[in-house]
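Report on the following structure.
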Amino acid sequence: MVRWTSLRLRLVAVFAAVALTAAVSVSGIAYWLNRDAVLTRAQNSVLNDFRDSLQRNAASLPVGPTCESLNTAAARIGGPDTYQVVLIDTTRDNAPCAAPSNRDVFTLDNVPEQLQRAVNTADGKDHNRYHLRWMRISIQSHPYLVAGARINGNGPTGYMLKSLDAERKDLNSLAWSLGIATLLALVGAALLAQAAGSTVLRPVRRLGEAAQRLGEGHLDTRLKVSGTDELAEMSRTFNNAAEALESRVEELSAREAASRRFVADMSHELRTPLTAITAVTDVLEDEAEALDPMIAPAVRLVVSETRRLNELVETLMEVTRFDAGTAKLRVDEVDVADMVMACMDARAWVDSVELDAPRGLLATLDPRRLDVIMANLIGNALKHGGSPVRVRLRKEPAGTGTSTGSGSGANGTGNGTGTGYGSADGDGDGDVVIEVSDHGPGIPEDVLPHVFDRFYKADASRARSEGSGLGLSIAMENAHIHGGDITAANGPDGGAVFTLRLPIRPRSEEDDDERDGRTNGSGTSGGSAGSGTNGSGGGAR
């Protein structure tokens, strides 16, 4: 379907409007000039002939001629192939006489009174001098030329009627010719506009397609440049911009990859000394009661910070696996309610959390990653929300659409947009929805868009917290790798509400492959603030 906002259509319309205006103007001027020339030429020829014939045949009549002589003179002056005449005079008996050349065609009644008055009006300077007068009239929709003159010196008055049908036919033919020429000019302008539009818009369309490919990530897209006009210059500018963008993206990608390698290498290198330090701190913790009271607080601090550092290293290792796209799902069919209860029981949260989770809701997912998600969400609610903390489990029909995670990259600078995590695809089995709500102060509106950003803290002055600042990010990544999502909002009665939505997948051969380590859709996503992967740590509030 043709779009009325199309540039091609507008170009054709402008060309057509300009051509139509020019053609109509030229045709109109040509028509009126030719009309005036045709009518003037025919009119002058007839009037001159009428004047000469009137002088030859009527001027020689005696004063007070008879009607018979007037009829004879009228017949000599007019004719069926030229024009019709009426001669008017007063006879010797002072009786008026009107002698027409053809009474059936032209009589004095056909002469307008206005013309009669003009013909019988003498010259203002010489009262014995009269002039030839004429005008155009229409009789029964046919054009005619009517003229009249009075012989100077009290001679008879003659009127002439000339048909202009022949001239009208000529002018109609001219009008049709000009109309056809205008139409041809309009068609030619449309074809010319179409050709010009194709010539001009083809590079523009190619530029649009190239920009779309560039936006889709094909940074090697380039335009073929030919010519030296403005369109060629635009193509060169696009190529230069694409080349600069590709170079910049490659540079940023190299920096991001280097940063990820650095984090991964650093985390890996820290694990060995941390293992030794952890063993020493475990011994110190066991002997804390026997230590000097002045030394015991320092020992406890070292033990606490060592554990925190160990958790941070494990969290960073998990983050690097997500960023590198190597995170794997090891799925199994589990009772979701049992998994949530096991998570709470392992962390002694059973007495602190109200659980509404009907048993028997089976889903195929990675138990460890579900434990990580729930540990971070519930731990975040307990640390930063207010009692009571409630966890509700339910099943909903399968959703549609996709969700993407965006935020900072692993080094805290990129945008790390996720790669289209779809909703449940388990043959219509639906989604598992888990809501974790608290009755605390809620999440400030300006913090909500950043709640899943890595290392984000609502209170900038709080430079240190118990958590790693990556918990909610890890939770989001684990939801995405399942094909699910997490949303954060404030409840109508106050407090924060985190909603986890995971698809229910039927047990199949694919899941057996996934249990062996097959990757099930991952991608890099923006991080968040929150607890560590083991459920300890701070949140975004």
Side-chain angles (χ1 to χ4, degrees), residues 34-173:
N34 281 274
R35 177 180 181 274
D36 185 69
V38 169
L39 293 178
T40 300
R41 183 172 60 252
Q43 173 182 294
N44 292 340
S45 175
V46 171
L47 293 178
N48 291 333
D49 183 76
F50 173 66
R51 181 188 295 108
D52 294 342
S53 181
L54 188 63
Q55 288 290 337
R56 289 194 307 269
N57 296 286
S60 60
L61 291 175
V63 177
T66 63
C67 284
E68 184 180 355
S69 61
L70 285 175
N71 287 326
T72 302
R76 289 198 300 268
I77 296 174
D81 298 331
T82 54
Y83 45 81
Q84 302 299 324
V85 176
V86 174
L87 293 180
I88 301 172
D89 202 354
T90 302
T91 63
R92 295 177 181 176
D93 300 332
N94 292 325
C97 179
S101 60
N102 190 339
R103 190 177 301 275
D104 296 332
V105 177
F106 182 46
T107 63
L108 185 61
D109 295 335
N110 299 124
V111 180
E113 294 183 0
Q114 180 182 358
L115 180 62
Q116 294 183 36
R117 289 194 299 269
V119 169
N120 293 314
T121 301
D123 194 328
K125 297 179 180 180
D126 185 357
H127 294 288
N128 292 320
R129 184 175 179 83
Y130 297 89
H131 298 284
L132 177 65
R133 309 291 182 178
W134 61 269
M135 65 186 305
R136 299 189 189 111
I137 63 173
S138 178
I139 301 176
Q140 297 179 352
S141 302
H142 292 279
Y144 290 92
L145 174 66
V146 180
R150 184 171 180 176
I151 302 299
N152 296 325
N154 296 323
T157 301
Y159 292 98
M160 176 271 298
L161 179 69
K162 169 64 176 176
S163 175
L164 297 178
D165 276 337
E167 287 74 14
R168 183 173 69 171
K169 291 180 181 179
D170 293 340
L171 292 176
N172 287 341
S173 299

Subject >> Non-neighbouring partners of Ser163 that pass side chain to side chain contact (heavy atoms under 4.5 Å, CB included), sequence neighbours left out >> reply: Tyr144, Asp165
Residue pair [X] / [Y], side-chain heavy-atom distance below 4.5 Å:
{"X": "Val111", "Y": "Val86", "value": "no"}
{"X": "Leu54", "Y": "Leu87", "value": "yes"}
{"X": "Tyr83", "Y": "Phe106", "value": "no"}
{"X": "Val85", "Y": "Phe50", "value": "yes"}
{"X": "Thr157", "Y": "Asn120", "value": "yes"}
{"X": "His142", "Y": "Arg168", "value": "yes"}

Original post:
Considering all heavy atoms of both residues, which atom of Ala73 and which atom of Asn57 are nearest to each other, and what is their separation?
Top reply: CB-O, 3.7 Å
**OP:** Compare every heavy atom of Cys67 with every heavy atom of Ala99, then report the nearest pair and how far apart it is.
**Re:** CB-O, 4.5 Å
Could you grab the distance from atom [atom1] of [X] to atom [atom2] of [Y], nearest 0.5 Å is fine?
{"X": "Leu115", "Y": "Asn110", "atom1": "CG", "atom2": "CG", "answer": "12.0 Å"}
{"X": "Arg35", "Y": "Leu171", "atom1": "CZ", "atom2": "CG", "answer": "7.0 Å"}
{"X": "Asn71", "Y": "Arg103", "atom1": "CG", "atom2": "CZ", "answer": "7.0 Å"}
{"X": "Ile77", "Y": "Gln55", "atom1": "CD1", "atom2": "CD", "answer": "10.0 Å"}
{"X": "Ile88", "Y": "Arg150", "atom1": "CD1", "atom2": "CZ", "answer": "10.5 Å"}

**OP:** Taking Thr121 for its side chain and Arg117 for its backbone only, find out whether a donor-acceptor pair lies under 3.5 Å.
**Re:** yes
Side-chain donor-acceptor pairs under 3.5 Å in residues 36-47, sequence neighbours left out?
residue : atom : partner : partner atom : Å
Thr40   : OG1  : Asp36   : O            : 2.5
Gln43   : OE1  : Arg136  : NH2          : 3.2
Asn44   : ND2  : Thr40   : O            : 3.2

